[in-house]
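Note on naming: letters A, B, ... go to the chains in the order of the sequence lines (proteins, then strands), and numbering restarts at 1 for each one. Predicted model only: the values in this text are computed from it and were never measured.
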Amino acid sequence: MASNEKLPTREQDFNEWYVQLVQRAKLADYSDVKGCMVILPNGYAIWENIQKTLDGMFKETGHQNAYFPVLIPERYLQLEKEHVEGFNPQLAIVSVAGGKPLPEGERYVIRPTSETIINASFSKWVQSYRDLPVLINQWANVMRWEMRTRLFLRTTEFLWQEGHTCHETEAEAEEETRRMLECYRVFAEDYMAMPVITGRKTDSEKFAGADRTYSIEAMMQDKKALQAGTSHMLGQNFAKAFKTQFQGRDGQQHFVWQTSWGVSTRLIGALIMTHSDDAGLVAPPRLAATQVVLIIIGKGEERAAVKAKAVALAADMKKKGLRVKVDDDDSKGPGFKYYEYELQGVCMRLELGPKDLAKDQCVLVRRDDKQKVFVPLPEAVEKSAAMLEQMQKDLFTKAKAFRDARTFEVNSYEEMKAKADDGFLLAHWDGSPETEKRIKEETGLTTRNRPFDLKQEPGKCVLTGKDSPGRIVFSKAY
RNA sequence: CGGGGCGUAGCGCAGCCUGGUAGCGCGCCUGCCUUGGGCGCAGGAAGUCGGAGGUUCGAAUCCUCUCGCCCCGACCA
């Protein structure tokens, strides 16, 4: 993989394109630890931008950050039956500590999620209805032993945030669950420029230990679905397991109603597969690590003058809040740099050379359309900011058009099989897990979610012909 | 866990069949040169050949065992 070799095209081999892009765009690399990756600065910067944005949204909705241990007593997990059954196969367990084997019953699991240990605290925190709601978020790493991993999309260790809340009533918990899902939708669409479908997961796809799970589902450029975020209505399942209860307005003891919700570094994979092209990463300006790179062209004294101007421009851009880099490396030619920054997903480059200075102009090139635009220098900063905003909008529009053109209603099982690889299929399903399973086995299609904004009209199941309450999204998925 | 592939310089690979001085491209370092789409020239540094055992005068190469990673399927955000 020489540095000047082109990526495989998406058409040739989408998977190989993705894997090479991630590494060559310096987003992440494999580590010596099986299934784990090293997130490189260019990738971590995107995560930091995701964190910054979401964290602000969580604070805005009244949540506070806290931190709970990475080690969870094994017996905690066992307190909620469905939960332990769901996660058991994926656990890494600490059985030796301090040079001594831990007795059975005192072992720890490395957190795969924190509902249990957080409830151990919640049960102490909550005494009265006056203590509610409890609105907590945690930024953390988690570990789920995976049989098969993929950079960003599924790794044994990953970074995420997990929100955990307690409420007095079921209605409040439900409202919170939906509020945070909506928060994810807004983030996905407005920041990632990635259109998503919000809806409810089927019982077989829901979180182990939840009453209901809602998700945002996105379509990648290979027409496969990616679950990009989930929000769970936990009901009173964990509350009962951990005795998280309060004295209510009626003087009686009640279990709290809970929610949990999370998004992970998987979002970076989603971002990559939604927007990038055969030249490399295309990142939405609001989250990109670097928004503008200024490339200095020229030699000797001329170069010095160009550099001075570029540095001044960059300073003005930074004042405007843009994430900017000046490239003054004279050991590489400009052409080389263009390819490199396109690969790395810098949103825009500003070329500045002696000829430009003479004409008091510069060249701006957007990463997504690569059109050269000549701009008078006094307007360069304003114009850059405007172009970035436009790019943000265009990426969303393009991604939405892509998805919409690949979303179909299907009305028979034959049609469903024929279109199995074509995108999102809206089909009637009788609601039984058996039918769902059979469809998965026979076609590779899984239910994604039942969209909120899809009017539910009765029909007949594509497989069994039995009554269906309404259409649900089927798709091949990551 | 099944199937496949790969471990030789930072990266990508050749060499192995037929045992005998460790090689190529890119990158890196020094100097000169060049700069508007992957510049050029000259010199240079860099490798316990994944690991262990064995065969042999001699092993990257042959034999045995082993470890790791990646890809494809079954589980999952």
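Between A/E146 and A/T155, every side-chain heavy-atom pair lies at or beyond the 4.5 Å cut-off.
Nucleotides B/C69 and B/U30 place their P atoms 37 Å apart, quoted to the nearest Å. Comparing the P positions of B/A59 and B/C67 gives a spacing of 25 Å, expressed to the nearest Å. B/A74 and B/U18 are spaced 41 Å apart, taking the P atom of each and rounding to whole Å. When the C1' atom is used for both B/G47 and B/C24, the distance is 14 Å, rounded to whole Å. If you take atom C1' in B/G10 and the same atom in B/C16, they sit 25 Å apart, rounded to whole Å. Between B/A45 and B/C29, the two C1' atoms lie 7 Å apart (nearest whole Å). A distance of about 14 Å separates the P atoms of B/A22 and B/U61, rounded to the whole Å. Look at the C1' atom in both B/C39 and B/C32: the space between them is 14 Å, to the nearest Å.
Ring geometry, A/F238 versus A/F207: the interplanar angle falls from 30° to 60°, so the pair is classed tilted.
Of all nucleotides listed (B/C75, B/G37, B/C28), B/C75 comes nearest to the side chain of A/K440. Among the nucleotides B/U35, B/G36, B/G38, the one closest to any side-chain atom of A/Y338 is B/G36. Side-chain proximity of A/D356 to the nucleotides B/G36, B/A74, B/U34 is greatest for B/G36. The listed nucleotides are B/U34, B/C75, B/G36; the one nearest the side chain of A/K355 is B/G36.
Nucleotide B/G37 holds its P atom 17 Å from the CZ atom of A/R367, rounded to whole Å. One interatomic measurement links the two molecules: CD of A/E205 to C1' of B/C75, which rounds to 12 Å at whole-angstrom precision. Atom P of nucleotide B/G37 and atom CZ of A/F336 are separated by 15 Å, given to the nearest angstrom. Summarising the geometry, the separation between NZ on A/K370 and C1' on B/G36 is reported as 17 Å, rounded to the nearest angstrom. For A/E302 and B/G36, the CD to P distance is 12 Å, given to the nearest whole Å. Atom CD of A/Q361 is separated from atom P of B/G36 by 16 Å (rounded to the nearest Å). Between the CD atom of A/Q344 and the P atom of B/G38 there is a distance of 18 Å, given to the nearest Å. When the P atom of B/G73 is taken as reference, atom CD of A/E441 falls 16 Å away, rounded to whole Å.
Under the Watson-Crick or G-U wobble criterion, with both distances below 3.5 Å, B/G31 is paired with B/C41. With a cut-off of 3.5 Å on both pairing distances, B/A74 has no Watson-Crick or G-U wobble partner at all. In this entry B/G68 has B/C6 as its Watson-Crick or G-U wobble partner, both defining distances falling under 3.5 Å. Remark: B/G12 base-pairs with B/C24; criterion is Watson-Crick or G-U wobble with both hydrogen-bond distances under 3.5 Å. Figure legend. B/U55 is base-paired to no nucleotide; pairs are counted as Watson-Crick or G-U wobble with both atom distances under 3.5 Å.
Between A/K52 and A/E48, none of the side-chain N atoms (NZ, or NE/NH1/NH2) sits under 4.0 Å from a carboxylate O, so this pair counts as no salt bridge. Electrostatic pairing of A/D421 and A/K223 does not count as a salt bridge here, judged by no charged N lying under 4.0 Å from a carboxylate O. A salt bridge links A/D277 with A/R367: at least one charged nitrogen is closer than 4.0 Å to a carboxylate oxygen.
In this structure, A/E351 reaches the bases: a heavy-atom distance under 4.0 Å links it to at least one base atom across the strands shown. Base contact: A/E146 has a heavy atom under 4.0 Å from a base atom. Within 4.0 Å of A/E342, counting heavy atoms only, lies at least one base atom of the nucleic acid. Residue contacts shown for A/V363 include a base, since a base heavy atom lies under 4.0 Å away. Using a 4.0 Å heavy-atom criterion, one finds that A/I296 contacts no nucleic acid atom at all.
Although no hydrogens or angles enter the test, the distance criterion places no donor-acceptor pair under 3.5 Å between the side chain of A/H83 and the main chain of A/A210. Side chain of A/E351 to main chain of A/L294: no donor-acceptor pair is present (N/O by atom type, distance under 3.5 Å, no hydrogens or angles). A donor-acceptor pair under 3.5 Å links the side-chain atoms of A/R111 to the main chain of A/N141, judged by distance alone. Side chain of A/N49 to backbone of A/A288: a donor-acceptor contact under 3.5 angstrom is found.
Cation-pi geometry between A/R286 and A/Y191 is met: the NZ or CZ atom falls under 6.0 Å from the ring centre, inside 45° of the normal. For A/R150 and A/Y478, the positive end is not near the middle of the six-membered ring at less than 6.0 Å and at most 45° from its axis. A cation-pi arrangement is not found for A/R212 relative to A/Y214, the charged atom failing to lie both closer than 6.0 Å to the ring centre and inside a 45° cone about the ring normal. Cation-pi check for A/R200 over A/F452 is not met; the charged atom does not lie both under 6.0 angstrom from the ring centroid and within 45 degrees of its normal.
Residue A/K332 has a polar side-chain atom (N or O) positioned under 4.0 Å from OP1 or OP2 of B/C28.
Nearest-nucleotide assignment on RNA chain B puts the 5′-proximal partner with A/Y339, out of A/A228 and A/Y339.
Under the salt bridge (Lys or Arg N to Asp or Glu O under 4.0 Å) test applied with A/R438, the options A/E442, A/E434, A/E441 reduce to a single match, A/E442. Under the side-chain contact (heavy atoms from CB on, under 4.5 Å) rule, A/T259 has a single partner from A/T165, A/L234, A/L181, which is A/T165.
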Dump every N/O contact between nucleotides 44-46 of chain B and the protein below 3.5 Å, one line per pair.
none

Give each protein N/O atom lying under 3.5 Å from an N/O atom of nucleotides 68-71 of chain B, with the pair distance.
| from | atom 1 | to | atom 2 | distance (Å) |
| --- | --- | --- | --- | --- |
| B/C69 | OP1 | A/K34 | N | 2.8 |
| B/C70 | O3' | A/Y30 | OH | 3.4 |
| B/C71 | OP1 | A/Y30 | OH | 3.4 |
| B/C71 | O3' | A/N15 | ND2 | 3.3 |

Name the pairs: protein N/O against N/O of nucleotides 30-33 of chain B, kept only if under 3.5 Å.
none

